[in-house]
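Keep in mind that this is a model prediction, so the values were computed, not measured. Here, residue 1 is the first one in the sequence, and each next residue gets the next number. Quick note: numbers below take in every heavy atom, side chains included, and nothing from hydrogens, waters or symmetry partners.
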Amino acid sequence: METIKLNNNLLLTFEPDNKRLRLVITDGFTELACRKETPGNLRRFLAGGQNSLFKGRLQLHKDAGDISVVIKGQVAGLIKTESFATTLNNL
């Protein structure tokens, strides 16, 4: 399990779930949003020309070396693309 700190004491946690990863946004106690995705799709998002990943409550948007984590239409934080890739590779 790997965790990245976002804005306003929110955390993005990567939890292994069989062959997928569970991306969970929490405030430390309560789970606010979650999405299951394969590591391969996350890597393709980082490497490819795709600028958005996921629809719905939790979304990831890539722009100029940063990834915006969006919850319910509000930006919860920015993550450097390199940090996201490093976290993904550590799992």
Tell me every residue that passes side-chain hydrogen bond (donor to acceptor under 3.5 Å, both in side chains) with [X], counting only those two or more places apart in sequence or in another chain.
{"X": "T86", "value": "none"}
{"X": "E15", "value": "R22"}
{"X": "T38", "value": "N41"}
{"X": "D63", "value": "none"}

Pair listing, salt bridge (charged side-chain N to carboxylate O under 4.0 Å, His left out) test, anchored in [range], at least two apart:
{"range": "residues 72-81", "answer": "D66-K80"}
{"range": "residues 44-53", "answer": "none"}
{"range": "residues 45-61", "answer": "none"}

Starting from F14, walk the hydrophobic network (Ile, Leu, Val, Met, Phe, Trp, Tyr; side-chain heavy atoms closer than 4.5 Å) and list everyone else you reach, by chain and number.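 The other cluster members (ILVMFWY side chains, heavy atoms under 4.5 Å, direct or chained) are I4, L6, L10, L12, L21, L23, I25, L32, L42, F45, L46, L53, F54, L58, L60, I67, V69, I71, I79, F84, L88, L91.
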CG/N90: more than 12 non-hydrogen atoms of other groups inside 6.0 Å: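 Enclosed: over 12 neighbouring heavy atoms sit under 6.0 Å from CG of N90.
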Does atom CD of Q74 have more than 12 heavy-atom neighbours, drawn from other residues, nucleotides or ligands, at distances under 6.0 Å?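 Result for CD/Q74: open.
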With sequence neighbours excluded, what pairs up with N89 under the side chain to side chain contact (heavy atoms under 4.5 Å, CB included) test?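 Partners of N89 by the side chain to side chain contact (heavy atoms under 4.5 Å, CB included) criterion, ordered by chain and then number, come out as R43.
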For S52, check side chain to side chain contact (heavy atoms under 4.5 Å, CB included) against everything at least two apart and list the hits.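 Counting only residues at least two positions away or on another chain, S52 forms a side chain to side chain contact (heavy atoms under 4.5 Å, CB included) with H61.
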Distance (rounded to the nearest 0.5 Å) between N51 CG and S68 OG: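 With rounding to 0.5 Å, CG (N51) is 11.0 Å from OG (S68).
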With sequence neighbours excluded, tell me which residues meet salt bridge (Lys or Arg N to Asp or Glu O under 4.0 Å) with D27.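 Listed in chain order: nothing, the list is empty.
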